[in-house]
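Throughout, protein chains are lettered first and strands after them, A, B, ... in sequence-line order, and every chain is numbered starting at 1.
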2 protein chains.
Amino acid sequence: MTEQWGIAELAAEFGVTTRTIRFYEDKGLISPERRGQRRVYHPRDKVRLQLIMRGKRLGFSLDEIQAMIDLYDADPSEVSQLQLFLDKLRQRKAQLLGQRDDIEMALDEIDRREKQCENLLNDKQSEPRQPKAGQQASG
Amino acid sequence: MTEQWGIAELAAEFGVTTRTIRFYEDKGLISPERRGQRRVYHPRDKVRLQLIMRGKRLGFSLDEIQAMIDLYDADPSEVSQLQLFLDKLRQRKAQLLGQRDDIEMALDEIDRREKQCENLLNDKQSEPRQPKAGQQASG
DNA sequence: ACGTTACTTTACGTAAACGTCAAGGTAAAG
DNA sequence: CTTTACCTTGACGTTTACGTAAAGTAACGT
């Protein structure tokens, strides 16, 4: 009985405004219980919001997030639907793998720059005056 | 001399419209050579566009992409700037690592659903009639 | 009864990232 | 010289994802 929250609590917990949460409801991404005219949120709604937030962090549009949530919720009984469902899953997977590759590349570049900087900082701290052409490779 | 392109060529190569490329120029993300009033793009502009596209695939705003490109281009000479620069690098890194975690989670979930589907498909194909409660674990 | 608090709907506003004309320049080809 | 292809600069339109009032309601404390 303790696992339910008002919209303001949820908003605070997820670091968004109540407007945002209502907007997601308008879009059909969540559908909380109604007690009178008030919205009452349950754990499943929180799970939904977690999925939404993760999707947003990964740059997906709300429509895409909607589609992904549908994928999680779906329970395809017909074989033809199952095949189609599997295809969709694999598409998302491919997209995510691509994103992961992009991230790896970006991380590699950042790591290079980071080490470059650290070296520079060490050099400057150990020798505040003469720059001294050393054997530090630059590329 | 062969390494230069018109805006239409570039647009075709990157799968965007010329409007998009000009928009990025307006935003200061790229600044091609001008021959007369025409834009002429060189390899470095392609590199920029690659970075932009990667940023977009990862869900960054053009402003953020701008900042990331600045990070790549910057050559901080002052120690104070260097420290600040390093901080920015590490912030980006943290963000990217977070995104990577998100992706791993999403991939895990998809993999589970995928295997679930494959099992269902196999069951249905080997036994089109009786569902027959088998020893296939479901969770 | 009255005010406060927390919520509700309705509706107009806005920033980002382009799309979509409109109107024209220019260089080579016919 | 005109057509054609390709480019240019505006400038207004559109979608997404909310922000921001405005005005109303429902329970709760005093």
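Phosphate contact (OP1/OP2 of C/dC7, side-chain N/O of A/R34, threshold under 4.0 Å): absent. Distances shown here put every side-chain N or O of B/T20 at or beyond 4.0 Å from the OP1 or OP2 atom of C/dA17. Applying the 4.0 Å criterion to OP1 and OP2 of D/dA17, one finds that A/Y24 has every side-chain N and O outside that range. Residue B/R38 places no side-chain N or O under 4.0 Å from the OP1 or OP2 atom of D/dT8. For B/T17, no side-chain nitrogen or oxygen approaches OP1 or OP2 of C/dC18 to under 4.0 Å.
The CG-P distance, from B/L29 to C/dA16, rounds to 13 Å in whole Å. In this structure, A/E64 places its CD atom 17 Å from P of D/dT15, rounding to the nearest Å. Rounding to whole angstrom units, CG of residue B/L10 and C1' of D/dC6 are separated by 15 Å. Counting to the nearest Å, the C1' atom of C/dT9 and the CD atom of A/E25 are 12 Å from each other. The distance between atom CD of A/E9 and atom C1' of C/dT5, rounded to the nearest whole Å, is 14 Å. Rounded to whole angstrom, the span from the CZ atom of A/F23 across to the C1' atom of D/dG19 amounts to 11 Å. With rounding to whole Å, A/I21 atom CD1 is found 13 Å from C/dC7 atom C1'. To the nearest angstrom, C1' of D/dC6 lies 19 Å from CH2 of B/W5.
Looking at which nucleotide of DNA chain C each of B/K56 and A/Y41 is closest to, the 5′-most match is held by A/Y41. Nearer the 5' end of DNA chain C, as judged by each residue's closest nucleotide, is the contact made by A/R39, out of A/R19 and A/R39.
B/Q99 contributes a side-chain N or O that, together with a main-chain N or O of B/L58, makes up a donor-acceptor pair within less than 3.5 Å. Between the A/N119 side chain and the A/Q116 main chain, no donor and acceptor come within less than 3.5 Å of each other.
In this structure, the nucleotide among D/dT9, D/dC18, D/dC7 sitting nearest to the side chain of B/I7 is D/dC7. Among the nucleotides D/dA17, D/dT8, C/dT8, the one closest to any side-chain atom of A/S61 is D/dA17.
Under the 4.5 Å side-chain heavy-atom criterion for grouping Ile, Leu, Val, Met, Phe, Trp and Tyr, B/L89 is connected to B/Y72 within one hydrophobic cluster.
Using a 4.0 Å cut-off between charged side-chain N and carboxylate O, A/D101 and B/R57 make no salt bridge. Electrostatic pairing of A/D73 and A/R44 does not count as a salt bridge here, judged by no charged N lying under 4.0 Å from a carboxylate O.
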